[in-house]
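A quick write-up on the structure given underneath.
Both ligands and their constituent atoms are indexed starting at 1 by order of listing. Model, not experiment: these values are computed from the prediction. Values reported hereafter were calculated over all heavy atoms of this structure, with side chains retained and with hydrogens, waters and symmetry mates removed.
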Amino acid sequence: MSQPTPRTIAVVGATGVVGQAMVAVLQERAFPVRELRLLASGRSAGRSIDVGGRAIEVREATPQAFDGVDIALFSAGANISLALAPEAAARGAVVIDNSSAWRMDPAVPLVVSQVNPGDLEAHEGIVANPNCSTMQLAPILMALRDAVGLERVVVDTYQSVSGTGAEAVAELEDQVRAHVEGRPAVAAIYPHPIAFNVVPEIDAFLDSGYTKEEWKVVEESRKILHLPELRVSCTAVRVPVFVSHSEAVHVETTRPISPADARRLFAAVGGVEVTDDPASHAYPLATDAAGRDEIFVGRIRQDPSIEDGRGLALWVVSDNVRKGAATNAVQLAEILAAREWLAPWSRRHVLESVAR
Ligand SMILES: NC(=O)c1ccc[n+]([C@@H]2O[C@H](COP(=O)([O-])OP(=O)(O)OC[C@H]3O[C@@H](n4cnc5c(N)ncnc54)[C@H](OP(=O)(O)O)[C@@H]3O)[C@@H](O)[C@H]2O)c1
C-alpha cells in the first residue's frame with residue numbers, strides 16, 4: 001500500500017482550548033504532517049508551543065500565512081473564520097471550520113465523520129464542523145433514523161465550561177476558589193456565577209425566546225441528517241463541569257423500538273459506546289467521557305408518554321473539546337485526504353473531465 005502524502009497543516013486558534021486539542025489529536029492519530037503552522041492573534045505571535053518535544057513558534061493568522069497550506073483547521077471564533085477562511089481557500093487550502101460562521105451556508109458541507117462523510121465530496125474549499133451539542137447527538141439520531149424513522153426529538157443539554165474556551169475554564173476555577181476562601185464570586189464570561197449554579201443561557205437570545213445555541217441543535221441536526229422537516233426542540237444549559245457535555249434526549253420514532261433493540265443499534269455505530277447498567281450504577285458520566293473520543297449513551301428506556309412503543313428516553317455524554325470539536329475536525333481531514341477530495345469539487349470535476 002502506498003504511504004499517505006504528508007500535508008502542510010495550519011491550526012488557527014492554536015493557543016486555545018480546541019486548537020491545542022487539534023494539535024494533540026493530529027499527533028495521536030499520526031496524521032501525516034509535512035509542516036505544522038500554529039496561528040493565533042498578534043498577541044501570541046512569537047510565543048512557542050511544544051509539539052512532540054519540538055518548539056514551534058506561533059505566527060499571526062494573516063492571509064499570507066496560508067500560502068502553501070493544504071488543510072487549515074480553524075478554531076478562533078466566527079469573525080476570524082468569516083474573514084480568513086475564504087483567504088485560506090483562495091490560496092488552495094481546504095478549510096475545516098469549527099466556528100458557527102459557515103455551518104448553515106447551503107454551499108458548505110456540515111459533517112459528522114460517521115454520519116454524512118459523503119457530503120464532503122461537494123465542498124468548494126470550506127467544510128464546517130458542527131456545534132459540539134449537535135455532534136454527539138447526530139450518530140445516535142442517524143441510527144434511529146435508519147432503523148425506525150425519526151418523528152420528533154427533544155434535547156436538554158448540560159454543557160461544560162470548556163465549551164466556552166480557556167477564559168471560562170479559568171472563571172469556574174476562580175469562583176470555586178472564591179467560595180472556599182469566602183470571597184464573592186466574580187462573573188465576567190457568563191452573565192451569572194457558574195460555580196454551584198445551573199444557567200439556562202448559552203449564546204444570545206433570539207426573538208423566538210430560544211437561544212442561538214438551542215437553535216444550532218435544531219438546524220444543524222436537520223442539515224446533517226438530511227431531514228429538513230425534522231421536529232426538534234432544545235434547552236441548552238451551562239453547568240459547572242470542566243469537560244464533556246451531557247444531554248437528556250427524548251425521541252419519538254416512526255415505528256416501535258424497544259430499549260434492548262436500541263442498545264444493540266447504538267452499539268453498532270462507529271465511535272458510540274453503550275454504558276447502560278442501572279443496577280450497577282453504570283451510565284455515561286462527564287468525568288468518564290473527558291479525554292475520550294467516543295460518544296457514550298445510556299439510561300435507555302421506553303418513554304411511556306408516547307404510544308405504541310415509539311418513544312425512547314436516553315442520556316448522551318461526550319467530550320466537547322475532542323469529538324465535539326478537535327477529533328471530528330481531524331477525522332474530516334483524514335477522510336478528505338484518503339478520498340482525494342482536498343481540492344474543491346469544481347476543480348476536481350474539471351481535472352476529471354480533462355483526463356477523460
Ligand atoms: N471549546 C469547545 O468545546 C468548542 C466546541 C465547538 C466549537 N468551538 C468553537 O471553537 C472556537 C474556539 O474555541 P476555544 O474554546 O478554543 O476558545 P479559546 O480557548 O478562547 O481560544 C480562542 C483562540 O482563538 C484565537 N484568536 C482570538 N482572536 C484571534 C484573532 N484576531 N486572530 C487569530 N486568532 C485569534 C486565540 O488566540 P490568542 O491566544 O492569540 O488570543 C485562541 O487561540 C470558537 O469558535 C468556539 O465556538 C469550541
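By the 3.5 Å distance cut-off applied to N or O atoms, Ala61 is not counted among the residues near ligand 1. Between Ala325 and ligand 1, not a single N/O pair is under 3.5 Å apart. Residue Ser99 places no N or O, backbone or side chain, under 3.5 Å from any N or O of ligand 1. Annotation: Val17 places an N or O atom under 3.5 Å from an N or O atom of ligand 1; distance criterion only.
Nearest protein neighbour of atom 16 (O) of ligand 1, counting heavy atoms only, is Val18 N, 2.9 Å. Scanning the protein heavy atoms around atom 21 (O) of ligand 1, the nearest turns out to be Gly16 CA, 3.2 Å. Ranking protein heavy atoms by distance to atom 26 (N) of ligand 1, first place goes to Ala76 CB, 3.9 Å. Protein heavy atom closest to atom 41 (O) of ligand 1, with residue, atom name and distance, is Arg43 NH2, 2.8 Å. For atom 3 (O) of ligand 1, the nearest protein heavy atom (residue, atom name, distance) is Asn320 ND2, 2.9 Å. Protein heavy atom nearest atom 30 (C) of ligand 1, with residue, atom name and distance: Ile80 CD1, 3.2 Å. For atom 39 (O) of ligand 1, the closest heavy atom belonging to the protein is Thr15 OG1, 2.5 Å. Gly165 CA, 3.8 Å is the protein heavy atom nearest to atom 17 (O) of ligand 1.
Shortest non-hydrogen contact noted between Leu312 and Ala262 is CD1-CB, 3.7 Å. Residue Leu332 comes nearest to Ala128 through the heavy atom pair CD1-O, 4.3 Å, listed as atom of the first residue, atom of the second, then distance. Nearest approach of Ala14 to Ile49, heavy atoms of both residues: O-CD1, 3.8 Å.
Taking the six-membered ring where the residue is Trp, Phe196 and His179 present tilted rings, their angle falling between 30° and 60°.
Only the backbone of Ser162 comes within 4.0 Å of ligand 1, counting heavy atoms alone; no side-chain atom from C-beta on gets that close. At a 4.0 Å heavy-atom cut-off, ligand 1 touches Ala14 through the backbone alone.
Every atom of ligand 1 is numbered from 1 in the order shown, and the set under 4.0 Å from a heavy atom of Ser44 is 38 (P), 39 (O), 40 (O). The distance from ligand 1 to the heavy atoms of Ser75 drops below 4.0 Å at these ligand atoms: 10 (O), 11 (C), 12 (C), 23 (C), 24 (O). For ligand 1 and Ala166, the ligand atoms under 4.0 Å from any heavy atom of the residue are 18 (P), 19 (O), 20 (O).
Within a 4.0 Å radius of atom 46 (C) of ligand 1, the protein contributes no non-hydrogen atoms.
With respect to Arg263 and Asp276, a salt bridge is recorded, a charged nitrogen being found less than 4.0 Å from a carboxylate O. With respect to Arg292 and Asp319, no salt bridge is recorded, no charged nitrogen being found less than 4.0 Å from a carboxylate O. Salt-bridge check for Glu60 with Arg43: failed, with every basic side-chain N at 4.0 Å or more from each acidic carboxylate O.
Remark: Leu206 engages Ser208, Lys212, Trp215 in a side chain to side chain contact (heavy atoms under 4.5 Å, CB included) (not counting sequence neighbours). Ser346 pairs by the side chain to side chain contact (heavy atoms under 4.5 Å, CB included) definition with Glu124, Pro344, not counting sequence neighbours.
Here the shortest heavy-atom distance to atom 9 (C) of ligand 1, taken over Val321, Asn98, Asn79, belongs to Asn98.
The number of heavy-atom neighbours closer than 6.0 Å to NE2 of His349, taken from other residues, nucleotides and ligands shown, is 12 or below.
One hydrophobic cluster holds both Val33 and Leu342 under the rule that ILVMFWY side chains link at heavy-atom gaps under 4.5 Å.
A ring-centre distance under 6.0 Å is found for Phe74 and Phe66.
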